[in-house]
Amino acid sequence: MKNHKVLMLLACCSMLICSCQKPKPIVLIPEPVQCTPKSGNFTIDSDTYLCFENLSGQASETSKAIHNSYKKMFKLRPNLGDKSSCHRNYILFELNDKEDKAIGAEGYTLVVKRGHIIAKANTPAGLFYAFQTICQMAYPDLLADSKTFSIPCAKITDYPRFAYRGTHLDVSRHFFDVKFIKRYIDLLASYKINKFHWHLTDDHGWRIQIDRYPALTKVGAWRPERSSWDTLHPVLPEEPATYGGYYTKEQIRDIVRYAAARHIDIIPEIEIPGHCSAILATYPQYACDDYPYTVAVGPYWPPKAIMCAGNDDVLTFYKNVLDEVAELFPYPYIHIGGDEAFNDNWQVCPKCQKRIADKGLADETALQQWLMNEIEQHLKQLGKKAIMWDDIVSDDMVNQCAVMCWQGIDVAKTAAKHGNEVILCPTSHCYFNFYQEDPEKEPLAMTGLITLEKAYEFDPMPQGLTKEQEKKILGGQCNLWSEFINTPEQAEYMLLPRLCALSECVWSPANKKDFKNFSQRVSYHQQFLSKNGYNCRK
Ligand code: ACM
Ligand code: ZN
């Protein structure tokens, strides 16, 4: 009897302590479509079951990814099972037998109760995103180094606003190794980004193995290493080309698989016809002139480098290269550049002028459209679609490609009205190579200022489009050009926490965006990212 009283007293005390505990904040980024908090918590501990239902065949890649990520995140080895093992203390990831139309292809529902969590989705991608949400709900306990993790009870329904949610990385101006690319992909996945735009070729280095043109990576991937970039000091003949690197096909296949397991498609970019010094340093015969091109060394590219559009061998070169690229990357879109192609050389090149005359083209701008269209048609034969930078857009454009708009919203509207698919990444909000704060106090970056608040203002949907035209807006992305980003640490510093803002801009409903509220949530993410070794700006 006495023992019974003591037990009763202890139970009352513990109830009192529980009811006095502050509820754990829910600090999700991106903000979900609907989140209704309930009282209580589910606790992840060493007895928790991780159960998967209907995830067989290809979908088992997602259960493996969730399992591995769970072990890493919580430093726990879960019991594994399926729905029949779900009795108590379990997290069930279940693919719907019957489509839940409300959540679409990438959405999920999540019910967190005291005894279990149930995540449901129409696709493995949706379950993967549900898992990202569960992880973020544990951030307060992960930050506190708890051994068990309270997930606040809630009912969540969530799905993305845009199908294209991208992040770009320029690996030409500075090279980033496979280990970092995977780390980058992990980061994107945790913020429900589903496209990685891999800028693989530019003036400063060619970064992809092409079997038919081995010299591209023997010569074009390397340049002299300078302690500081200096545009006024071109490459000297005696300077050894020691800086650079490239990805082998084996490495690329490995990265494509790694990204696919995290529901990220990779869009490779092969720049046409400008930004080509690395090609011309390797194959000078593809230029209009006999200028001694080198792989570029300064932060600003030599604008006159352009491939000769009057030379049939140039077309053959690009088609051969793209045949190999198309084979490596399963995603249907390939980016073929088209930006900042200064055509001064074309204006005085007899071959280019002959092409203009032969094809009955109006001028050099039309010549670029023609060239890009030839490549686009070749991609079509390979079952691929082209993406081009918005420099190609005009009222009378012939290209059917998807357009990536960096120069502003107006050009995006023109492209959408023209019937082209559109991805927005305007310099005004999405160039994360620009300064984040006062340049006086920040490490050297590209001129321009995009604060976290400015990044958060990004709305990928332009005003004033019809419903039909709005369907052409696939989504948005941020760009990380690496002229002034020469280490993984610096890449992370420029990306974080602005990636958090971007993810909310492309995922969350427009009417749920609230910078003040976001700022509170992002502070947990800054702490979490820093604690996990990411160089996140405070
Ligand atoms: C670009 O920034 N030139 C696409
Ligand atoms: Zn030419």
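Both counts, for ligands and for their atoms, begin at 1 and track the order of listing.
- For the pair R521 and Y524, the cation-pi criterion (under 6.0 Å, within 45° of the ring axis) is not fulfilled.
- Exactly one residue among H168, K195, H197 makes a side chain to side chain donor-acceptor pair (under 3.5 Å) with Q477. That residue is H197.
- Residue contact check: W481 has heavy atoms under 4.0 Å from atoms 1 (C), 2 (O), 4 (C) of ligand 1.
- When rounded to 10 degrees, the angle formed at the Zn ion (ligand 2) by SG (C352) and SG (C349) equals 110°.
- For the pair W389 and ligand 1, the shortest N or O to N or O distance does not fall below 3.5 Å.
- Rounding to 10°, one obtains 110° for the angle at the Zn ion (ligand 2) between SG (C308) and SG (C288).
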For this session: Check the pair L200, Y247 against side-chain contact (heavy atoms from CB on, under 4.5 Å), reporting the backbone distance first and the verdict last.
Result: CA-CA 9 Å; L200 286 163; Y247 308 99; 3.8 Å; yes
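- In terms of protein heavy-atom proximity, atom 2 (O) of ligand 1 is closest to Y431 OH, 2.6 Å.
- Nearest protein heavy-atom neighbour of atom 3 (N) of ligand 1: D339 OD2, 2.7 Å.
- Aromatic ring centroids of F162 and Y164 lie 6.0 Å or more apart.
- Under 4.0 angstrom from ligand 1, there are no non-hydrogen atoms of M404.
- Residue W406 has no N or O atom closer than 3.5 Å to an N or O atom of ligand 1.
- With respect to the salt-bridge test (charged N to carboxylate O, under 4.0 angstrom), the residues D177 and R183 do not qualify.
- Within the 4.5 Å cutoff, side-chain heavy atoms of V325 are placed close to those of I270.
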